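Only heavy atoms go into these numbers, but all of them, side chains included; no hydrogens, no water, no symmetry mates. Just so it is clear, the structure is predicted and the values come from calculations on it, not from any experiment.
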Amino acid sequence: MKWKLTRRFLGSVVTIVVIVGIVNTILLLCLLFYRAMHNFGTEEVSAENFSRTFSQYVELQDNKPMVNEEGLEKLQDNKAWIQFLNNKGEQVAAFYTPQNLQTVYSPIEIVQMYKYKEIDAETTVFVGEAHNISYFVGVKEQKIGRYVITYDYAKVFKYINILLLLFLIVDIIIALVIGFLFGKRLTTPLNTLIEGIQQLRERRFKKMLIPKGVYEDVFSNMNELSVKLDQYEKERDQLDQMREEWISNVSHDMKTPLASIHGYAELMKDSSTDLTPQELYEYTSIINRQSKYMKDLLDDLNLTLRLRNQQLPLQFEDVNIVGFIREMTIELLNDSSFGDRQVEFEANVDKAMHKVDKKLLKRAIFNFIYNALVHNDENVVVNIRIDNIYLQGGQEQKSSNISTASVFHTQITIADNGRGIPSKDLEQVFERYYRGTNTTSTHGTGLGMAIARDIILAHNGKIDLTSVENKGTTITILL
């Protein structure tokens, strides 16, 4: 395994070098080819284009070429001169030409003039034609030049191939030497890591010795991972059992409304002509009600899953809890379903500011209040009280679920004088799908208390529930 890993490391280094060399060669050749075809946008191209297109500024007057005003300005801007020649190589007109410029050219002199700098070291001459009259354009600029190269294609490519091969061989040798030296040092700890990973795969959670150097953090993290995996392994059976129970409860709750929807839909389909409008309304109402129940159930499932897995971003804002719950109480009493119920609000503190998600906290508190109203008689009294308390370390608490940190807390108490919860059911109140054994109400999805508890915990709050049969239930929330 050790040498196999080292060989792979060396092979990777060499492959990278070869690929980089090939890509660089291709790019270089493409660049040279493009440069040869398009001259790569250099100053020389601009000057030559200027010279070849200068004919647009040339006019004939009495069969003699003349340069218009715009053309003369262009010549001055480009530090250029122009000389017109007839078919015999004799000058017929000139503008801005140097004094020592000859006025008669033989064919070989015209070629020499174009190919080489025959005027001076700073002037490059270009050739053009206007109205069947040839002309020279000289541009005096040191940055512009023309070079004539004579070469043999076969020899050039032969030398390029030899040079590229030599570069590749040298690069590969360097890569092998460096790769071997560093690979041995780098791959030795990797072998230990691979063995550690194999142990994790075989569920053998053992700590490894942590070496000094670049891999120190990796080995530390591997040891932490081993500890966590060992812990997760012990929790997996419990989680699997909870998942099976979860799926079973969901399936059970879905089957009942689906059966109702399917049954009434079949009845409407088979007896569509025999149903009275009253019966049709009743059946469609049942289907609509069951469909809404399924939607609420799925929404609650999604919410509780996201809360439990901390995947629901909370929109925190500063809220006065006293005013917030007072408004909720007023809203509840304005609801026609609960307008005649006895709901009392009591605040022993004027103001209690907290950063909360108003929408979620409102849902949690309403869930607690609705449970007190729905699962008890109509004459039940629900009391909502807000206090500001100071908890000190070592102080006796009513419940071990409530933190004893030495800090001010806002305490929200929701108490009723209803039928209460049997002691054997208290531990299950906050479980999903739980409904008390002393209630016949099927209101809701059975997830309300679980969602409310998760919302309070998501706010870093604490919640405690106490209840006595036939005396009532009290829910205490600390923020």
Side-chain angles (χ1 to χ4, degrees), residues 245-307 312 327-343 358-382 384 414 416 418-419 421 425 428-429 431-452 454-455 473:
E245 183 180 352
W246 169 264
I247 294 174
S248 175
N249 289 331
V250 172
S251 301
H252 177 269
D253 271 27
M254 284 294 187
K255 283 180 181 179
T256 302
L258 279 175
S260 297
I261 292 172
H262 181 264
Y264 283 104
E266 287 288 336
L267 185 60
M268 293 170 62
K269 175 183 176 184
D270 297 336
S271 307
S272 59
T273 57
D274 301 330
L275 295 176
T276 65
Q278 180 63 29
E279 292 174 327
L280 187 62
Y281 175 78
E282 180 182 353
Y283 297 162
T284 54
S285 297
I286 293 173
I287 291 175
N288 181 66
R289 185 171 62 253
Q290 297 292 358
S291 301
K292 185 176 183 302
Y293 169 78
M294 291 178 63
K295 178 183 179 299
D296 292 341
L297 178 61
L298 290 174
D299 289 342
D300 285 354
L301 282 172
N302 180 56
L303 178 59
T304 187
L305 278 174
R306 296 181 69 185
L307 284 169
L312 183 67
E327 292 174 1
M328 289 178 56
T329 307
I330 295 172
E331 180 182 342
L332 179 70
L333 293 174
N334 288 332
D335 188 339
S336 59
S337 302
F338 304 103
D340 57 346
R341 307 297 287 272
Q342 299 182 62
V343 181
K358 293 178 65 175
K359 182 178 179 182
L360 289 178
L361 186 61
K362 181 178 181 179
R363 175 167 184 171
I365 295 176
F366 264 149
N367 276 350
F368 296 137
I369 299 174
Y370 285 151
N371 276 339
L373 294 173
V374 170
H375 298 298
N376 289 298
D377 299 332
E378 292 185 358
N379 58 352
V380 67
V381 177
V382 178
I384 305 168
I414 301 170
D416 66 72
R419 58 171 61 101
I421 302 172
D425 293 338
Q428 306 176 59
V429 169
E431 295 299 322
R432 301 179 179 103
Y433 301 110
Y434 169 78
R435 288 192 176 91
T437 56
N438 65 342
T439 177
T440 58
S441 174
T442 57
H443 175 77
T445 62
L447 293 168
M449 290 293 283
I451 290 174
D454 291 342
I455 290 174
T473 302

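- Nearest heavy atom pair, residue V382 against residue A372, reads CG2-CB, 3.8 Å.
- In this structure, H262 NE2 and K269 NZ are separated by 8.5 Å, a value rounded to the nearest 0.5 Å.
- Of all non-hydrogen atoms in I261 and S291, the two that sit nearest each other are CD1-OG, 3.5 Å.
- To the nearest 0.5 Å, atom CD1 of residue I384 and atom CG of residue L332 are 7.0 Å apart.
- The two residues M268 and L280 have their closest heavy-atom pair at CE-CD1, 3.4 Å.
- Of the residues listed (I330, L333, I414), the one engaging V343 in a side chain to side chain contact (heavy atoms under 4.5 Å, CB included) is L333, and it is the only one.
- Considering only residues two or more places apart in sequence or on other chains, Y281 meets the ring-ring contact (aromatic ring centres under 6.0 Å, His included) condition with none of them.
- Applying the salt bridge (Lys or Arg N to Asp or Glu O under 4.0 Å) test to every pair with at least one member in residues 366-382, sequence neighbours left out, gives these pairs: D377-R419.
- Between K362 and E331, at least one side-chain N (NZ, or NE/NH1/NH2) sits under 4.0 Å from a carboxylate O, which counts as a salt bridge.
- A 4.5 Å side-chain heavy-atom check between I369 and T329 finds every atom pair outside the cut-off.
- In this structure K295 satisfies the side-chain hydrogen bond (donor to acceptor under 3.5 Å, both in side chains) test together with D299, sequence neighbours excluded.
- Partners of N371 according to the side-chain hydrogen bond (donor to acceptor under 3.5 Å, both in side chains) rule, which considers only residues two or more places apart in sequence or in another chain, are H375.
- Around the OH atom of Y264, the shell of radius 6.0 Å holds no more than 12 heavy atoms that belong to other residues, nucleotides or ligands.
- The salt bridge (Lys or Arg N to Asp or Glu O under 4.0 Å) contacts involving residues 275-286 comprise nothing, where partners must be two or more places apart or lie in separate chains.
- Between the CZ atom of F368 and the CZ atom of R363 there is a distance of 12.0 Å, given to the nearest 0.5 Å.
- Annotation: the span from N376 atom CG to R341 atom CZ amounts to 8.0 Å, rounded to 0.5 Å.
- A distance of 10.5 Å separates NZ in K359 from CD1 in I455, rounded to the nearest 0.5 Å.
- If you take CZ on F366 and CG on D335, they are separated by 8.5 Å, rounding to the nearest 0.5 Å.
- Scanning for salt bridge (Lys or Arg N to Asp or Glu O under 4.0 Å) contacts around R289 gives an empty result, with sequence neighbours left out.
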